[in-house]
Amino acid sequence: MQFDFSARQLITRLIFWLSVSSFVGYLIGHVWAAMTLVSVSLLIWHYLHLNKLVTWLWNSKSLSPPMAEGGWGRIYDGLYHLIRKHRNKQKALNERIRRFRDGAEALPDAALVLSNDLTILWGNKKAQNLIGIQWPGDVGQRIDNLIRFPEFAKYLEAGNFESPCNVPSPLDAEKQLELRMMAYGSDQVLFLARDISKVHRLEEMRRDFVANVSHELKTPLTVVRGYVEMIQLAENDFSPQWLKAFSTIEGQVSRMDRLVEQLLVLSKVEVNSDVENSDIVNMPEMLGQLIEDSQWLNVDKKHEITFDIAPDIAMLGSDTELKSACSNLLSNAIGYTPENGKIHVSWQYDGERAKFSVTDNGPGIKAVDVARLTERFYRVDKSRSRDTGGSGLGLAIVKHVVSHHHGELVIKSDWGKGSEFSIYFPNEVISSLKN
Ligand code: ADP
């Protein structure tokens with residue numbers, strides 16, 4: 001039966017003990033002494049149980065409480081019930097942690113749990129093999145103390161974790177790692193490192209292959225072009241059919257030459273993962289040169305080309321890369337806009353950023369194609385592009401150059417109305433030509 005702690009029961013019990021003690025006291029003729037004796041006995045009984053409880057709580061290894069009668073029994077059982085509940089919760093929690101750890105251990109990637117200030121809280125075994133994290137020695141260390149590469153420091157500083165960061169492994173420079181970070185829980189960060197050495201090597205092989213083939217093609221092309229030009233000079237020795245054939249050969253060789261040239265430029269800009277933005281590029285001067293060159297490209301199309309070039313905005317970066325990007329955008333506008341079109345070239349501040357843009361009233365590009373324009377060899381209308389001598393590499397080159405200069409390429413186009421290709425450069429790569 002459960003012990004009743006209600007006020008009524010308490011008063012009943014008090015009256016019972018008072019009655020018993022006063023009755024016994026009456027019988028022996030010492031009422032007060034009997035009552036005192038009973039009270040002291042009750043106090044001692046309670047004290048002994050309290051003592052038992054403290055001993056069990058602090059010194060006993062046993063989970064089961066000592067046996068007790070009455071109210072104390074109920075208190076012991078209550079405590080035992082609480083401890084059991086707590087233990088079960090802890091067991092469930094441990095099980096959940098174990099499952100998470102098993103999952104993290106089964107990952108093919110190195111996984112670390114970091115706190116908000118990027119100190120290591122936990123890591124799987126793969127993290128030891130791939131990044132050399134010592135467990136548990138490195139717990140509490142900041143991740144950038146263990147992965148010491150400028151690319152990673154920049155990645156952390158920029159705080160944009162949507163795209164990954166590629167660095168060599170701190171244990172083996174031959175290995176290439178792809179690092180990803182994502183917020184996890186309320187104040188933790190999940191850090192994943194994947195070995196991408198194979199993909200990296202294949203990508204390197206592809207780049208080398210393209211660069212080598214392009215390089216090797218240059219000499220034979222120059223020789224063929226030289227002979228064709230020589231033959232064309234002796235036009236009296238050949239019939240009109242042959243001259244037409246030679247002219248076609250010359251056209252195709254020139255196209256191939258341009259393609260090889262662009263492939264070489266692309267391999268070069270692909271290798272430079274990030275240009276050392278230390279050279280000051282005089283943009284107004286470079287764009288002035290571009291404007292002059294564009295007059296030659298515009299001889300047949302006779303577009304109306306207008307310019308709005310700020311005379312004082314320079315850039316920190318690579319002169320050749322920037323020239324290549326700007327001239328690609330301008331030559332595309334000239335090439336794809338039908339005769340007598342309108343083209344506007346602008347280099348101005350746009351808020352904090354500098355903006356280079358080329359606007360035309362050409363055919364425009366459908367939204368589905370806009371998203372794919374910067375892919376290598378992607379051409380919207382293959383036949384039209386071939387007519388203009390296009391290879392589909394120009395915008396891929398622009399994309400790489402823009403990324404090296406931490407810029408953003410924005411393509412706005414209205415199908416049938418025209419296009420605007422803009423490059424926004426952030427403050428950090430802009431310089432002033434004033435003073
Ligand atoms: P290409 O060497 O073929 O010009 P790009 O990468 O420079 O290659 O351009 C990719 C495609 O984008 C082109 O084939 C063309 O269809 C389209 N394009 C580029 N610029 C323009 C423009 N100003 N107007 C219309 N279409 C364009």
Side-chain angles (χ1 to χ4, degrees), residues 148-158 160 163 165-168 204 207-208 210-211 214-215 218 258 260-297 307-333 345-358 374 376 393-410 421-435:
R148 294 174 155 273
F149 294 104
E151 302 94 307
F152 187 55
K154 271 190 209 162
Y155 179 68
L156 291 180
E157 201 181 271
N160 175 14
S163 45
C165 166
N166 293 354
V167 295
E204 243 174 24
R207 271 204 305 258
D208 288 351
V210 173
S214 316
H215 197 74
K218 272 221 86 73
R258 263 198 308 277
V260 166
E261 197 58 54
Q262 286 220 305
L263 274 173
L264 280 171
V265 174
L266 185 61
S267 344
K268 227 182 259 167
V269 293
E270 271 184 334
V271 170
N272 294 352
S273 60
D274 206 351
V275 283
E276 273 304 312
N277 295 327
S278 50
D279 291 350
I280 293 190
V281 182
N282 188 328
M283 288 293 280
E285 198 178 283
M286 188 265 274
L287 292 172
Q289 184 67 47
L290 208 69
I291 291 162
E292 242 175 66
D293 296 348
S294 71
Q295 303 308 329
W296 293 103
L297 285 176
F307 299 93
D308 178 17
I309 310 293
D312 56 339
I313 314 175
M315 288 244 341
L316 299 172
S318 155
D319 181 45
T320 40
E321 285 199 4
L322 287 168
K323 191 167 182 179
S324 168
C326 297
S327 84
N328 262 310
L329 294 187
L330 182 56
S331 58
N332 273 354
V345 181
S346 156
W347 171 241
Q348 290 292 344
Y349 273 115
D350 184 277
E352 286 279 283
R353 302 191 288 178
K355 176 184 175 189
F356 172 78
S357 72
V358 180
T374 55
R376 261 172 263 154
L393 293 175
L395 291 176
I397 295 173
V398 174
K399 184 182 82 174
H400 281 286
V401 173
V402 170
S403 143
H404 293 173
H405 293 81
H406 313 292
E408 186 191 2
L409 172 67
V410 178
F421 286 76
S422 317
I423 309 176
Y424 291 87
F425 293 106
N427 214 356
E428 69 202 68
V429 291
I430 304 173
S431 173
S432 173
L433 288 175
K434 275 184 192 154
N435 71 49

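Given the structure is predicted, the values throughout are model-derived calculations rather than measurements.
- Using a 4.5 Å cut-off on side-chain heavy atoms (C-beta onward), Phe425 and Leu322 make contact.
- Going from atom CZ of Phe421 over to atom SG of Cys326 covers 13.5 Å, rounded to the nearest 0.5 Å.
- A donor-acceptor pair under 3.5 Å links the side-chain atoms of Ser214 to the main chain of Val210, judged by distance alone.
- For Lys355, the side-chain hydrogen bond (donor to acceptor under 3.5 Å, both in side chains) partners two or more places apart in sequence, or in a different chain, are Glu420.
- In this structure, the separation between CD1 on Ile309 and CG on Leu287 is 4.5 Å, given to the nearest 0.5 Å.
- Contact of the Ile280 side chain with the Met315 side chain is not registered, since no non-hydrogen atoms from C-beta on lie closer than 4.5 Å.
- With sequence neighbours excluded, no residue forms a ring pair (Phe, Tyr, Trp, His ring centres under 6.0 Å) with Phe152.
- Taking CG from Leu263 and NE2 from His215, the interatomic distance works out to 13.5 Å, rounded to the nearest 0.5 Å.
- Side chains of Tyr349 and Ile430 form a contact here, defined as non-hydrogen atoms less than 4.5 Å apart.
- Taking the side chain as every heavy atom from C-beta outward, Leu290 and Ser294 never approach each other to under 4.5 Å.
- To the nearest 0.5 Å, atom CG of residue Asn282 and atom CG of residue Asp312 are 10.5 Å apart.
- Taking the side chain to side chain contact (heavy atoms under 4.5 Å, CB included) definition, one finds that Asp308 meets it with His344, Ser346, Gln348, sequence neighbours left out.
- Between Val269 and His404, the shortest heavy-atom contact is O-CE1, 2.6 Å.
- Applying the side chain to side chain contact (heavy atoms under 4.5 Å, CB included) criterion to Ala211, with sequence neighbours excluded, gives Ser267.
- More than 12 heavy-atom neighbours from other residues, nucleotides or ligands sit within 6.0 angstrom of CD on Gln295.
- Residues passing the side-chain hydrogen bond (donor to acceptor under 3.5 Å, both in side chains) test with Glu408, sequence neighbours excluded: Arg353.
- For Asn328, the side-chain hydrogen bond (donor to acceptor under 3.5 Å, both in side chains) partners at least two apart in sequence or on another chain are Gln262.
- Every residue two or more places apart in sequence or in another chain that forms a salt bridge (charged side-chain N to carboxylate O under 4.0 Å, His left out) with Glu261 is listed here: Lys218.
- With a 4.5 Å cut-off on side-chain heavy atoms, Phe356 and Leu329 count as touching.
- Between Ile291 and Val345 there is no side-chain heavy-atom pair separated by less than 4.5 Å.
- In this structure Asp350 satisfies the salt bridge (charged side-chain N to carboxylate O under 4.0 Å, His left out) test with no other residue, sequence neighbours excluded.
- Taken from CG in Asp293 to OG in Ser331, the straight-line distance is 10.5 Å, to the nearest 0.5 Å.
- Under the rule for a side chain to side chain contact (heavy atoms under 4.5 Å, CB included), the partners of Pro426 that lie at least two apart in sequence or sit in another chain are His406, Glu428, Val429.
- With a 4.5 Å cut-off on side-chain heavy atoms, Leu395 and Val398 count as touching.
- Inter-residue side-chain proximity for Pro284 and Leu433 is flagged as met; some heavy-atom pair is nearer than 4.5 Å.
- Checking side-chain atoms of Tyr155 against main-chain N and O of Asn166 turns up no donor-acceptor pair under 3.5 Å.
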Under the side-chain contact (heavy atoms from CB on, under 4.5 Å) rule, what do Val167 and Glu151 come out as? Steps first, then yes or no, please.
-> CA-CA 7 Å; Val167 295; Glu151 302 94 307; 4.1 Å; yes

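- Counting all heavy atoms, side chain and backbone alike, Ser318 lies closest to Val281 at C-CG2, 4.1 Å.
- Asn427 contributes atom CG, which lies 5.0 Å from atom CD of Glu352 (distance to the nearest 0.5 angstrom).
- Residues passing the salt bridge (charged side-chain N to carboxylate O under 4.0 Å, His left out) test with Arg207, sequence neighbours excluded: none.
- Every residue meeting the side chain to side chain contact (heavy atoms under 4.5 Å, CB included) condition with Asp208, not counting sequence neighbours, appears here in chain and number order: Asn212.
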